[in-house]
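Shown next, in C-alpha coordinates, is the structure this report addresses.
Note that these values count all heavy atoms, side chains included, but never hydrogens, waters or copies made by symmetry. This chain uses plain numbering: 1 for the first residue, then up along the sequence. Every number for a ligand or one of its atoms is a count from 1 in the order of the listing. Since the model is a prediction, treat every value here as computed from it, not as a measurement.
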Amino acid sequence: MKYSAQQCAVNPAADCLIVGVFEEKTLSQSAVEIDNVSGKYISRLVESGEIGGKLGQTALLRHVPNVTAARVLVVGCGKAGELNERQYKQLMQKTAQALKETQAKSAVSFLTEIQLNQRDLYWNIRFAVETLEQDSYQFTQFKSQKTAEKSTALSEVTFNVGADDQATAEQAIQHGAAIALGVRLAKDVANCPPNVCNPTYLADKALDLAKTSPLIKTTIINEAEMEKLGMGAYLAVSRGAHNEAKLSVMEYRNASNPNAKPIVLVGKGLTFDAGGISLKPAADMDEMKYDMCGAASVYGVMNALAQLQLPLNVIGVMAGCENLPDGNAYRPGDILTTMNGLTVEVLNTDAEGRLVLCDTLTYVERFDPEVVIDIATLTGACVVALGQHNSGLVSTHDDIAAALEKAAQQSADKAWRLPLSEEYQEQLKSNFADLANIGGRWGGAITAGAFLSNFTKKYPWAHLDIAGTAWLQGANKGATGRPVSLLVQFLLDQVK
Ligand code: BES
Ligand code: MN
Ligand code: ZN
(Lines give C-alpha, C1' and ligand atoms only; values in the text may rest on other atoms or scores of the structure.)
(Ligands and ions follow the chains in the order given, each with its own letter.)
Protein backbone atom coordinates (compact mmCIF):
# COMPACT_ATOMS: atom_id res chain seq x y z
CA MET A 1 0.00 0.00 0.00
CA LYS A 2 1.18 3.48 -0.84
CA TYR A 3 0.46 6.16 1.75
CA SER A 4 0.75 9.91 1.42
CA ALA A 5 -0.39 13.02 3.26
CA GLN A 6 -1.54 16.30 1.81
CA GLN A 7 -4.12 19.01 2.05
CA CYS A 8 -6.90 17.77 -0.22
CA ALA A 9 -9.56 19.76 -2.02
CA VAL A 10 -13.08 19.77 -0.57
CA ASN A 11 -14.21 17.55 -3.40
CA PRO A 12 -11.12 15.55 -4.33
CA ALA A 13 -10.84 12.98 -7.09
CA ALA A 14 -10.33 9.47 -5.71
CA ASP A 15 -12.12 6.15 -5.90
CA CYS A 16 -13.37 6.60 -2.36
CA LEU A 17 -13.61 9.31 0.29
CA ILE A 18 -13.64 8.24 3.93
CA VAL A 19 -15.48 10.49 6.37
CA GLY A 20 -16.75 10.21 9.93
CA VAL A 21 -20.18 10.50 11.54
CA PHE A 22 -20.87 10.51 15.28
CA GLU A 23 -23.60 8.83 17.30
CA GLU A 24 -25.23 12.19 17.97
CA LYS A 25 -25.89 12.39 14.21
CA THR A 26 -23.26 15.06 13.75
CA LEU A 27 -20.78 14.90 10.90
CA SER A 28 -17.05 15.44 11.11
CA GLN A 29 -15.83 18.72 9.63
CA SER A 30 -15.04 17.40 6.14
CA ALA A 31 -18.16 15.32 6.08
CA VAL A 32 -20.06 18.59 6.56
CA GLU A 33 -18.23 20.12 3.58
CA ILE A 34 -18.88 17.11 1.37
CA ASP A 35 -22.46 17.08 2.58
CA ASN A 36 -22.81 20.71 1.46
CA VAL A 37 -21.41 19.88 -1.99
CA SER A 38 -23.94 17.06 -2.26
CA GLY A 39 -26.90 19.23 -1.30
CA LYS A 40 -27.26 17.59 2.15
CA TYR A 41 -27.45 14.10 0.67
CA ILE A 42 -25.42 12.58 3.54
CA SER A 43 -27.03 14.45 6.43
CA ARG A 44 -30.50 13.49 5.19
CA LEU A 45 -29.49 9.81 5.36
CA VAL A 46 -28.09 10.37 8.84
CA GLU A 47 -31.25 12.19 9.95
CA SER A 48 -33.47 9.39 8.71
CA GLY A 49 -31.40 6.83 10.59
CA GLU A 50 -30.25 5.17 7.37
CA ILE A 51 -26.63 5.89 8.39
CA GLY A 52 -25.65 5.36 12.02
CA GLY A 53 -22.71 6.69 13.99
CA LYS A 54 -22.07 3.70 16.27
CA LEU A 55 -18.37 2.93 16.53
CA GLY A 56 -17.27 0.98 13.51
CA GLN A 57 -20.61 1.07 11.70
CA THR A 58 -20.02 1.75 8.01
CA ALA A 59 -22.15 2.86 5.08
CA LEU A 60 -20.93 2.92 1.52
CA LEU A 61 -22.56 5.56 -0.69
CA ARG A 62 -22.11 5.43 -4.44
CA HIS A 63 -22.41 8.32 -6.85
CA VAL A 64 -23.28 10.95 -4.29
CA PRO A 65 -24.64 13.96 -6.21
CA ASN A 66 -21.92 16.46 -7.23
CA VAL A 67 -19.19 14.51 -5.44
CA THR A 68 -16.32 13.68 -7.80
CA ALA A 69 -15.30 10.49 -6.05
CA ALA A 70 -17.36 7.47 -7.07
CA ARG A 71 -17.79 6.36 -3.46
CA VAL A 72 -18.10 7.91 -0.04
CA LEU A 73 -17.52 5.62 2.92
CA VAL A 74 -19.20 7.01 6.02
CA VAL A 75 -17.67 5.53 9.17
CA GLY A 76 -19.31 5.60 12.59
CA CYS A 77 -17.00 7.18 15.15
CA GLY A 78 -19.06 6.64 18.27
CA LYS A 79 -19.81 9.46 20.71
CA ALA A 80 -18.39 12.80 19.61
CA GLY A 81 -15.30 13.49 21.70
CA GLU A 82 -12.19 11.51 22.20
CA LEU A 83 -11.62 7.93 21.20
CA ASN A 84 -9.12 5.73 22.96
CA GLU A 85 -6.57 3.95 20.77
CA ARG A 86 -8.36 0.63 20.98
CA GLN A 87 -11.63 2.12 19.74
CA TYR A 88 -9.75 3.96 17.03
CA LYS A 89 -8.04 0.78 15.84
CA GLN A 90 -11.41 -1.01 15.79
CA LEU A 91 -12.79 1.80 13.69
CA MET A 92 -9.83 1.51 11.32
CA GLN A 93 -10.32 -2.26 11.03
CA LYS A 94 -13.97 -1.79 10.09
CA THR A 95 -12.92 0.82 7.57
CA ALA A 96 -10.43 -1.60 6.03
CA GLN A 97 -13.07 -4.35 5.89
CA ALA A 98 -15.60 -2.05 4.23
CA LEU A 99 -13.02 -0.97 1.67
CA LYS A 100 -12.28 -4.62 0.95
CA GLU A 101 -15.86 -5.00 -0.25
CA THR A 102 -15.30 -2.37 -2.94
CA GLN A 103 -13.15 -2.17 -6.03
CA ALA A 104 -11.71 1.17 -4.93
CA LYS A 105 -8.00 1.43 -5.68
CA SER A 106 -7.44 4.84 -4.16
CA ALA A 107 -8.93 6.48 -1.10
CA VAL A 108 -8.71 9.84 0.61
CA SER A 109 -9.15 9.60 4.38
CA PHE A 110 -10.65 12.48 6.33
CA LEU A 111 -10.51 10.43 9.53
CA THR A 112 -7.41 12.46 10.37
CA GLU A 113 -9.98 14.78 11.98
CA ILE A 114 -10.89 12.22 14.61
CA GLN A 115 -9.55 13.23 17.99
CA LEU A 116 -7.79 10.52 19.99
CA ASN A 117 -7.57 10.56 23.75
CA GLN A 118 -4.23 12.26 24.61
CA ARG A 119 -2.84 11.48 21.18
CA ASP A 120 -1.97 13.91 18.42
CA LEU A 121 -2.23 13.72 14.63
CA TYR A 122 1.03 11.72 14.47
CA TRP A 123 -0.63 8.86 16.35
CA ASN A 124 -3.88 9.17 14.42
CA ILE A 125 -1.97 8.53 11.19
CA ARG A 126 0.58 6.07 12.53
CA PHE A 127 -2.08 3.84 14.08
CA ALA A 128 -4.10 4.09 10.86
CA VAL A 129 -1.17 2.85 8.78
CA GLU A 130 -0.31 0.09 11.27
CA THR A 131 -3.93 -1.08 11.44
CA LEU A 132 -4.60 -0.98 7.70
CA GLU A 133 -1.44 -2.97 7.06
CA GLN A 134 -2.19 -5.50 9.81
CA ASP A 135 -5.68 -5.97 8.50
CA SER A 136 -4.51 -6.87 5.02
CA TYR A 137 -2.14 -9.55 6.35
CA GLN A 138 -2.66 -13.08 5.07
CA PHE A 139 -0.42 -16.10 5.44
CA THR A 140 -1.11 -18.11 2.30
CA GLN A 141 2.35 -19.51 1.61
CA PHE A 142 1.17 -23.05 2.33
CA LYS A 143 -2.33 -22.90 0.79
CA SER A 144 -2.63 -24.49 -2.62
CA GLN A 145 -5.46 -22.07 -3.48
CA LYS A 146 -3.86 -18.75 -2.80
CA THR A 147 -6.83 -16.69 -3.95
CA ALA A 148 -9.31 -18.28 -1.55
CA GLU A 149 -9.55 -15.25 0.67
CA LYS A 150 -10.65 -11.88 -0.47
CA SER A 151 -7.91 -9.29 -0.56
CA THR A 152 -8.29 -5.58 -0.94
CA ALA A 153 -8.13 -3.79 -4.31
CA LEU A 154 -6.93 -0.69 -2.48
CA SER A 155 -3.37 0.35 -3.25
CA GLU A 156 -3.22 4.05 -2.37
CA VAL A 157 -4.38 5.97 0.69
CA THR A 158 -4.04 9.74 1.06
CA PHE A 159 -4.48 11.25 4.50
CA ASN A 160 -5.97 14.71 4.48
CA VAL A 161 -3.91 17.07 6.67
CA GLY A 162 -3.35 20.80 6.91
CA ALA A 163 -0.26 22.18 5.18
CA ASP A 164 1.39 22.81 8.59
CA ASP A 165 1.00 19.17 9.54
CA GLN A 166 2.46 17.67 6.39
CA ALA A 167 5.91 16.91 7.85
CA THR A 168 4.45 15.32 10.99
CA ALA A 169 2.08 13.26 8.89
CA GLU A 170 4.87 12.04 6.63
CA GLN A 171 6.92 10.98 9.61
CA ALA A 172 3.94 9.10 11.03
CA ILE A 173 3.52 7.31 7.71
CA GLN A 174 7.21 6.44 7.57
CA HIS A 175 7.26 5.08 11.12
CA GLY A 176 3.95 3.28 10.73
CA ALA A 177 5.00 1.64 7.48
CA ALA A 178 8.35 0.48 8.88
CA ILE A 179 6.68 -0.99 11.96
CA ALA A 180 4.05 -2.64 9.77
CA LEU A 181 6.80 -4.17 7.64
CA GLY A 182 8.55 -5.48 10.76
CA VAL A 183 5.30 -6.89 12.12
CA ARG A 184 4.47 -8.58 8.83
CA LEU A 185 7.89 -10.19 8.49
CA ALA A 186 7.83 -11.32 12.12
CA LYS A 187 4.41 -12.91 11.52
CA ASP A 188 5.58 -14.63 8.34
CA VAL A 189 8.56 -16.23 10.05
CA ALA A 190 6.52 -17.14 13.14
CA ASN A 191 3.60 -18.66 11.24
CA CYS A 192 5.94 -20.76 9.13
CA PRO A 193 5.60 -24.44 10.13
CA PRO A 194 8.34 -26.09 12.19
CA ASN A 195 9.23 -28.57 9.45
CA VAL A 196 10.33 -25.57 7.39
CA CYS A 197 11.24 -22.94 9.96
CA ASN A 198 14.13 -24.54 11.86
CA PRO A 199 17.25 -22.86 13.26
CA THR A 200 18.94 -22.92 9.85
CA TYR A 201 15.90 -21.22 8.31
CA LEU A 202 16.23 -18.41 10.87
CA ALA A 203 19.94 -18.16 10.10
CA ASP A 204 19.21 -17.94 6.36
CA LYS A 205 16.74 -15.12 7.00
CA ALA A 206 19.42 -13.28 8.96
CA LEU A 207 21.97 -13.80 6.16
CA ASP A 208 19.47 -12.63 3.52
CA LEU A 209 18.79 -9.47 5.49
CA ALA A 210 22.50 -8.62 5.47
CA LYS A 211 22.54 -9.11 1.69
CA THR A 212 19.79 -6.55 1.10
CA SER A 213 20.82 -4.09 3.75
CA PRO A 214 24.36 -2.65 3.72
CA LEU A 215 24.12 -1.45 7.34
CA ILE A 216 23.73 -5.02 8.61
CA LYS A 217 26.40 -7.67 8.98
CA THR A 218 25.31 -11.19 9.91
CA THR A 219 27.35 -13.89 11.64
CA ILE A 220 26.12 -17.42 12.32
CA ILE A 221 27.43 -19.46 15.24
CA ASN A 222 27.00 -23.21 14.68
CA GLU A 223 27.20 -26.03 17.24
CA ALA A 224 30.92 -26.65 16.75
CA GLU A 225 31.58 -23.00 17.56
CA MET A 226 29.21 -23.13 20.53
CA GLU A 227 31.20 -26.09 21.77
CA LYS A 228 34.41 -24.03 21.64
CA LEU A 229 32.67 -21.16 23.42
CA GLY A 230 31.57 -23.48 26.22
CA MET A 231 27.84 -22.97 25.69
CA GLY A 232 26.96 -26.13 27.62
CA ALA A 233 23.38 -25.16 28.48
CA TYR A 234 22.38 -24.12 24.95
CA LEU A 235 23.94 -27.26 23.44
CA ALA A 236 22.25 -29.55 25.97
CA VAL A 237 18.81 -28.35 24.84
CA SER A 238 19.70 -29.01 21.22
CA ARG A 239 21.03 -32.53 21.80
CA GLY A 240 17.73 -34.31 21.24
CA ALA A 241 17.22 -32.63 17.86
CA HIS A 242 18.54 -33.59 14.45
CA ASN A 243 18.38 -30.04 13.12
CA GLU A 244 21.46 -28.16 14.24
CA ALA A 245 21.15 -25.22 16.63
CA LYS A 246 22.25 -21.89 15.20
CA LEU A 247 22.80 -18.56 16.84
CA SER A 248 22.26 -15.74 14.34
CA VAL A 249 23.84 -12.37 15.04
CA MET A 250 22.72 -9.36 13.00
CA GLU A 251 24.86 -6.28 13.59
CA TYR A 252 23.33 -2.99 12.53
CA ARG A 253 25.78 -0.13 12.81
CA ASN A 254 24.66 3.38 11.94
CA ALA A 255 25.33 5.55 15.02
CA SER A 256 27.07 8.85 14.32
CA ASN A 257 29.74 7.63 16.70
CA PRO A 258 30.62 4.24 15.22
CA ASN A 259 32.02 3.12 18.56
CA ALA A 260 28.84 3.90 20.47
CA LYS A 261 27.83 0.97 22.68
CA PRO A 262 25.13 -1.08 20.99
CA ILE A 263 21.61 -1.88 22.08
CA VAL A 264 21.38 -5.68 21.99
CA LEU A 265 18.13 -7.56 21.37
CA VAL A 266 18.14 -11.29 22.08
CA GLY A 267 15.23 -13.41 20.87
CA LYS A 268 14.36 -16.92 22.05
CA GLY A 269 14.22 -18.97 18.85
CA LEU A 270 12.88 -22.40 19.79
CA THR A 271 11.54 -23.34 16.39
CA PHE A 272 9.76 -26.18 18.14
CA ASP A 273 9.43 -26.93 21.84
CA ALA A 274 8.04 -30.41 22.52
CA GLY A 275 9.32 -30.16 26.09
CA GLY A 276 12.09 -32.72 25.57
CA ILE A 277 12.09 -35.72 27.94
CA SER A 278 9.67 -33.72 30.15
CA LEU A 279 7.34 -34.04 27.18
CA LYS A 280 4.43 -31.64 26.84
CA PRO A 281 0.83 -32.94 26.56
CA ALA A 282 -0.48 -33.37 23.01
CA ALA A 283 -3.23 -30.72 23.17
CA ASP A 284 -2.17 -27.53 21.40
CA MET A 285 1.40 -28.74 21.06
CA ASP A 286 1.39 -27.44 17.48
CA GLU A 287 1.43 -23.95 18.99
CA MET A 288 4.96 -24.60 20.19
CA LYS A 289 6.11 -23.74 16.68
CA TYR A 290 5.56 -20.21 18.03
CA ASP A 291 8.27 -20.70 20.63
CA MET A 292 10.53 -18.73 18.30
CA CYS A 293 8.40 -15.59 18.37
CA GLY A 294 11.04 -13.73 20.36
CA ALA A 295 13.51 -14.36 17.55
CA ALA A 296 10.86 -13.49 14.95
CA SER A 297 10.25 -10.14 16.66
CA VAL A 298 13.99 -9.39 16.64
CA TYR A 299 14.07 -10.20 12.93
CA GLY A 300 11.10 -7.88 12.35
CA VAL A 301 12.73 -5.07 14.32
CA MET A 302 16.00 -5.38 12.37
CA ASN A 303 14.05 -5.08 9.11
CA ALA A 304 12.19 -2.03 10.38
CA LEU A 305 15.50 -0.54 11.47
CA ALA A 306 17.08 -1.13 8.08
CA GLN A 307 14.14 0.68 6.52
CA LEU A 308 14.19 3.60 8.96
CA GLN A 309 17.99 3.84 9.01
CA LEU A 310 17.97 5.15 12.57
CA PRO A 311 21.32 6.54 13.75
CA LEU A 312 21.92 3.81 16.33
CA ASN A 313 24.03 0.71 16.81
CA VAL A 314 21.73 -2.27 17.36
CA ILE A 315 22.61 -5.95 17.48
CA GLY A 316 19.81 -8.43 16.93
CA VAL A 317 20.41 -12.00 18.03
CA MET A 318 18.21 -15.02 17.29
CA ALA A 319 18.92 -18.04 19.49
CA GLY A 320 17.69 -20.81 17.19
CA CYS A 321 17.21 -24.30 18.64
CA GLU A 322 14.76 -27.21 18.88
CA ASN A 323 13.70 -29.01 22.07
CA LEU A 324 12.81 -32.63 21.29
CA PRO A 325 12.93 -35.97 23.12
CA ASP A 326 15.42 -38.54 21.81
CA GLY A 327 17.84 -41.20 23.05
CA ASN A 328 20.52 -38.54 23.07
CA ALA A 329 18.36 -35.81 24.60
CA TYR A 330 19.33 -34.07 27.85
CA ARG A 331 17.56 -35.42 30.92
CA PRO A 332 16.05 -34.21 34.17
CA GLY A 333 18.88 -34.56 36.68
CA ASP A 334 21.63 -33.59 34.26
CA ILE A 335 24.00 -30.90 35.47
CA LEU A 336 25.15 -28.49 32.78
CA THR A 337 28.03 -26.04 32.75
CA THR A 338 27.03 -22.72 31.23
CA MET A 339 29.27 -20.38 29.28
CA ASN A 340 29.82 -18.08 32.26
CA GLY A 341 30.84 -21.01 34.47
CA LEU A 342 27.72 -21.38 36.60
CA THR A 343 26.38 -24.93 36.77
CA VAL A 344 22.69 -25.70 36.36
CA GLU A 345 20.76 -28.75 37.51
CA VAL A 346 18.02 -29.62 35.04
CA LEU A 347 14.82 -30.43 36.92
CA ASN A 348 12.56 -30.06 33.91
CA THR A 349 13.73 -30.23 30.31
CA ASP A 350 10.72 -28.12 29.32
CA ALA A 351 12.29 -25.10 31.02
CA GLU A 352 14.66 -24.94 28.05
CA GLY A 353 14.26 -21.31 26.98
CA ARG A 354 16.25 -19.99 29.92
CA LEU A 355 19.04 -22.50 29.16
CA VAL A 356 19.36 -21.36 25.57
CA LEU A 357 19.10 -17.74 26.63
CA CYS A 358 21.56 -17.85 29.54
CA ASP A 359 24.45 -18.79 27.26
CA THR A 360 23.35 -16.29 24.62
CA LEU A 361 23.21 -13.58 27.28
CA THR A 362 26.79 -14.46 28.24
CA TYR A 363 27.83 -14.52 24.58
CA VAL A 364 26.62 -10.93 23.98
CA GLU A 365 28.90 -9.56 26.73
CA ARG A 366 31.54 -9.31 23.99
CA PHE A 367 29.63 -6.41 22.40
CA ASP A 368 29.96 -4.28 25.56
CA PRO A 369 26.25 -3.45 25.35
CA GLU A 370 24.58 -0.22 26.40
CA VAL A 371 21.59 -2.38 27.27
CA VAL A 372 20.39 -5.92 26.53
CA ILE A 373 16.73 -6.75 26.10
CA ASP A 374 15.73 -10.37 25.69
CA ILE A 375 12.38 -11.29 24.19
CA ALA A 376 11.03 -14.76 24.88
CA THR A 377 7.93 -16.94 24.95
CA LEU A 378 9.35 -18.08 28.23
CA THR A 379 6.61 -19.20 30.62
CA GLY A 380 3.01 -20.36 30.70
CA ALA A 381 3.01 -18.75 34.14
CA CYS A 382 3.29 -15.32 32.52
CA VAL A 383 0.06 -15.98 30.64
CA VAL A 384 -1.62 -17.04 33.88
CA ALA A 385 -0.41 -13.86 35.58
CA LEU A 386 -1.11 -11.27 32.89
CA GLY A 387 -3.39 -12.91 30.34
CA GLN A 388 -2.93 -12.36 26.65
CA HIS A 389 -2.94 -8.57 26.57
CA ASN A 390 0.24 -7.53 28.36
CA SER A 391 3.73 -8.87 27.87
CA GLY A 392 5.61 -9.47 31.11
CA LEU A 393 8.53 -7.17 31.85
CA VAL A 394 11.33 -8.03 34.27
CA SER A 395 14.36 -5.84 34.75
CA THR A 396 17.25 -5.16 37.06
CA HIS A 397 17.31 -1.50 35.97
CA ASP A 398 14.48 0.88 36.77
CA ASP A 399 15.37 3.37 34.06
CA ILE A 400 15.25 0.73 31.32
CA ALA A 401 12.06 -0.73 32.71
CA ALA A 402 10.57 2.78 32.66
CA ALA A 403 11.71 3.38 29.08
CA LEU A 404 10.14 0.09 27.98
CA GLU A 405 6.92 0.82 29.88
CA LYS A 406 6.75 4.18 28.16
CA ALA A 407 7.39 2.66 24.73
CA ALA A 408 4.72 0.04 25.42
CA GLN A 409 2.21 2.71 26.34
CA GLN A 410 3.07 4.89 23.34
CA SER A 411 2.91 2.06 20.84
CA ALA A 412 -0.20 0.50 22.45
CA ASP A 413 1.81 -2.74 22.53
CA LYS A 414 1.26 -3.29 26.23
CA ALA A 415 3.70 -4.59 28.82
CA TRP A 416 3.48 -4.85 32.61
CA ARG A 417 6.40 -4.97 34.97
CA LEU A 418 6.76 -7.84 37.42
CA PRO A 419 8.86 -7.54 40.59
CA LEU A 420 12.33 -9.02 40.75
CA SER A 421 13.68 -9.15 44.27
CA GLU A 422 16.22 -11.34 46.08
CA GLU A 423 13.64 -13.76 47.52
CA TYR A 424 12.92 -15.21 44.09
CA GLN A 425 16.53 -16.33 43.73
CA GLU A 426 16.06 -18.61 46.70
CA GLN A 427 13.50 -20.62 44.74
CA LEU A 428 16.26 -21.50 42.26
CA LYS A 429 18.55 -23.22 44.78
CA SER A 430 19.82 -26.67 43.87
CA ASN A 431 21.36 -29.27 46.19
CA PHE A 432 23.83 -30.30 43.52
CA ALA A 433 24.60 -27.33 41.27
CA ASP A 434 24.78 -23.53 41.46
CA LEU A 435 21.24 -23.15 40.17
CA ALA A 436 18.17 -25.24 39.39
CA ASN A 437 16.47 -24.54 36.07
CA ILE A 438 13.01 -24.23 37.64
CA GLY A 439 11.81 -22.34 40.68
CA GLY A 440 8.82 -24.32 41.87
CA ARG A 441 5.15 -23.68 41.47
CA TRP A 442 4.71 -20.02 42.33
CA GLY A 443 5.71 -16.93 40.44
CA GLY A 444 7.03 -18.88 37.46
CA ALA A 445 7.34 -15.88 35.16
CA ILE A 446 9.43 -14.09 37.78
CA THR A 447 11.66 -17.02 38.73
CA ALA A 448 12.40 -17.50 35.03
CA GLY A 449 13.49 -13.85 34.88
CA ALA A 450 15.42 -14.31 38.12
CA PHE A 451 17.25 -17.26 36.57
CA LEU A 452 18.29 -15.14 33.59
CA SER A 453 19.44 -12.28 35.81
CA ASN A 454 22.33 -14.49 36.99
CA PHE A 455 23.77 -14.14 33.50
CA THR A 456 23.27 -10.41 32.91
CA LYS A 457 25.50 -8.84 35.55
CA LYS A 458 27.84 -7.17 33.06
CA TYR A 459 25.25 -4.80 31.53
CA PRO A 460 21.85 -3.19 32.12
CA TRP A 461 19.17 -5.71 31.20
CA ALA A 462 15.45 -6.20 30.71
CA HIS A 463 13.41 -9.25 29.78
CA LEU A 464 10.08 -9.37 27.93
CA ASP A 465 8.02 -12.54 28.37
CA ILE A 466 5.73 -12.65 25.34
CA ALA A 467 4.23 -16.11 25.96
CA GLY A 468 0.73 -14.62 26.12
CA THR A 469 1.02 -11.91 23.49
CA ALA A 470 2.98 -13.37 20.58
CA TRP A 471 0.17 -15.34 18.97
CA LEU A 472 -3.59 -15.76 19.00
CA GLN A 473 -5.39 -19.06 19.50
CA GLY A 474 -8.68 -20.40 18.18
CA ALA A 475 -10.36 -19.28 14.98
CA ASN A 476 -7.89 -16.43 14.52
CA LYS A 477 -4.86 -18.57 15.27
CA GLY A 478 -1.77 -16.76 14.08
CA ALA A 479 1.23 -14.72 15.11
CA THR A 480 0.58 -11.15 16.26
CA GLY A 481 3.98 -9.67 15.43
CA ARG A 482 4.24 -8.39 19.00
CA PRO A 483 6.33 -6.80 20.44
CA VAL A 484 7.86 -5.36 17.24
CA SER A 485 5.92 -2.14 17.68
CA LEU A 486 7.04 -1.73 21.31
CA LEU A 487 10.68 -2.38 20.43
CA VAL A 488 10.79 -0.07 17.41
CA GLN A 489 9.21 2.62 19.59
CA PHE A 490 11.90 2.02 22.20
CA LEU A 491 14.55 2.46 19.49
CA LEU A 492 12.89 5.60 18.12
CA ASP A 493 12.98 6.99 21.66
CA GLN A 494 16.71 6.26 21.90
CA VAL A 495 17.50 8.54 18.96
CA LYS A 496 18.48 11.79 20.58
N1 BES B 1 7.78 -22.28 25.60
C2 BES B 1 7.32 -22.63 26.87
C3 BES B 1 6.44 -21.57 27.51
C4 BES B 1 5.06 -21.45 26.95
C5 BES B 1 4.09 -22.36 27.28
C6 BES B 1 4.73 -20.37 26.16
C7 BES B 1 2.82 -22.22 26.79
C8 BES B 1 3.45 -20.22 25.70
C9 BES B 1 2.48 -21.13 26.00
C10 BES B 1 8.50 -22.87 27.81
O11 BES B 1 9.62 -23.42 27.22
C12 BES B 1 8.03 -23.81 28.84
O13 BES B 1 7.73 -24.93 28.52
N14 BES B 1 7.97 -23.36 30.08
C15 BES B 1 7.50 -24.15 31.16
C16 BES B 1 8.38 -23.87 32.34
C17 BES B 1 8.15 -24.80 33.49
C18 BES B 1 8.61 -26.20 33.14
C19 BES B 1 8.91 -24.28 34.68
C20 BES B 1 6.06 -23.76 31.44
O21 BES B 1 5.73 -22.59 31.35
O22 BES B 1 5.27 -24.66 31.70
MN1 MN C 1 9.53 -25.52 27.16
ZN1 ZN D 1 9.89 -23.07 25.25
Side-chain angles (χ1 to χ4, degrees), residues 190 194 197-199 202 233-234 236-241 245 266-297 318-325 329-334 344-360 374-392 394 418 424 427-430 435-452 463-474 477-480 482-483:
C197 176
N198 55 36
L202 293 180
Y234 194 146
V237 175
S238 183
R239 259 190 16 221
V266 171
K268 172 178 173 182
L270 265 287
T271 58
F272 193 72
D273 175 16
I277 297 298
S278 313
L279 190 64
K280 285 183 183 294
D284 299 331
M285 206 207 269
D286 66 291
E287 292 182 18
M288 282 299 114
K289 73 171 183 177
Y290 288 124
D291 211 17
M292 39 62 73
C293 281
S297 73
M318 300 193 283
C321 191
E322 282 183 312
N323 186 24
L324 294 169
Y330 80 134
R331 323 157 186 79
D334 284 1
V344 178
E345 183 186 13
V346 178
L347 295 177
N348 189 320
T349 64
D350 199 11
E352 85 299 338
R354 62 199 77 184
L355 298 175
V356 167
L357 288 174
C358 72
D359 279 344
T360 308
D374 78 75
I375 306 101
T377 48
L378 204 59
T379 64
C382 188
V383 196
V384 174
L386 296 176
Q388 297 181 298
H389 309 298
N390 276 272
S391 301
V394 171
L418 302 169
Y424 295 99
Q427 290 180 238
L428 295 166
K429 284 198 171 133
S430 157
L435 286 167
N437 82 324
I438 55 173
R441 181 146 181 217
W442 310 117
I446 302 172
T447 52
F451 179 93
L452 295 177
H463 157 67
L464 287 167
D465 192 330
I466 58 167
T469 53
W471 73 92
L472 300 173
Q473 299 168 304
K477 192 191 277 187
T480 60
R482 292 178 67 181

*asked:* Do the side chains of K268 and D291 get close enough for a salt bridge, i.e. N-O under 4.0 angstrom?
replied: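 Salt bridge: yes.
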So which heavy atom on [X] is nearest to which on [Y], and how close?
{"X": "R482", "Y": "N390", "value": "NH2-CA, 4.4 Å"}
{"X": "A319", "Y": "T360", "value": "CB-OG1, 3.7 Å"}
{"X": "T271", "Y": "C197", "value": "CB-O, 3.1 Å"}
{"X": "A436", "Y": "L347", "value": "CB-CD1, 3.7 Å"}
{"X": "H463", "Y": "D374", "value": "ND1-OD1, 2.6 Å"}
{"X": "T379", "Y": "A448", "value": "CG2-CB, 3.5 Å"}

[X], any N or O under 3.5 Å of ligand 1 N or O:
{"X": "G380", "result": "yes"}
{"X": "K268", "result": "yes"}
{"X": "D291", "result": "yes"}
{"X": "T379", "result": "no"}

*Check each heavy atom of D350 against ligand 1 and say whether those closer than 4.0 Å belong to the side chain, the backbone, both or neither.*
both
*Heavy atom under 4.0 Å from ligand 1: found in L378's side chain, backbone, both, or neither?*
backbone
Could you list which atoms of ligand 1 come closer than 4.0 Å to a heavy atom of [X]?
{"X": "E352", "answer": "11 (O)"}
{"X": "T377", "answer": "1 (N), 2 (C), 3 (C), 6 (C)"}
{"X": "N348", "answer": "18 (C)"}
{"X": "A467", "answer": "6 (C), 8 (C)"}

To check your reading of the model: name the closest protein heavy atom to [atom], its residue, and the distance in Å.
{"atom": "atom 9 (C) of ligand 1", "answer": "M288 CE, 3.6 Å"}
{"atom": "atom 19 (C) of ligand 1", "answer": "I438 CG2, 3.4 Å"}
{"atom": "atom 2 (C) of ligand 1", "answer": "D273 OD2, 3.6 Å"}

*Considering only heavy atoms from C-beta outward, does the side chain of D350 approach that of K280 to under 4.5 Å?*
yes
Any donor-acceptor pair under 3.5 Å linking the side chain of [X] with the backbone of [Y]?
{"X": "Q427", "Y": "W442", "value": "yes"}
{"X": "T447", "Y": "G444", "value": "yes"}
{"X": "D334", "Y": "V346", "value": "no"}
{"X": "T377", "Y": "C293", "value": "no"}
{"X": "T469", "Y": "H389", "value": "no"}
{"X": "N323", "Y": "T349", "value": "yes"}
{"X": "S391", "Y": "L464", "value": "no"}

*Rounded to the nearest 10 degrees, what's the angle O of D350 makes with OD2 of D273 at the Mn ion (ligand 2)? Could you check?*
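About 170° at the Mn ion (ligand 2).
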*For atom 22 (O) of ligand 1, is the nearest protein heavy atom closer than 4.0 Å?*
no
*Atom name in E352, limited to N/O/S, at shortest distance from the Mn ion (ligand 2)*: OE1
_Using heavy atoms and a 4.0 Å limit, tell me yes or no: is E287 in contact with ligand 1?_
no
_Yes or no: does W471 have any heavy atom under 4.0 Å from an atom of ligand 1?_
yes
*Nearest candidate to atom 16 (C) of ligand 1, where distance is taken over non-hydrogen atoms, out of K280, R354, M285*: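 Residue with the shortest heavy-atom distance to the ligand atom: R354.
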*Which atoms of the protein, restricted to N, O or S, are nearer than 2.8 Å to the Zn ion (ligand 3)?*
K268 NZ, D273 OD2, D291 OD2, E352 OE2
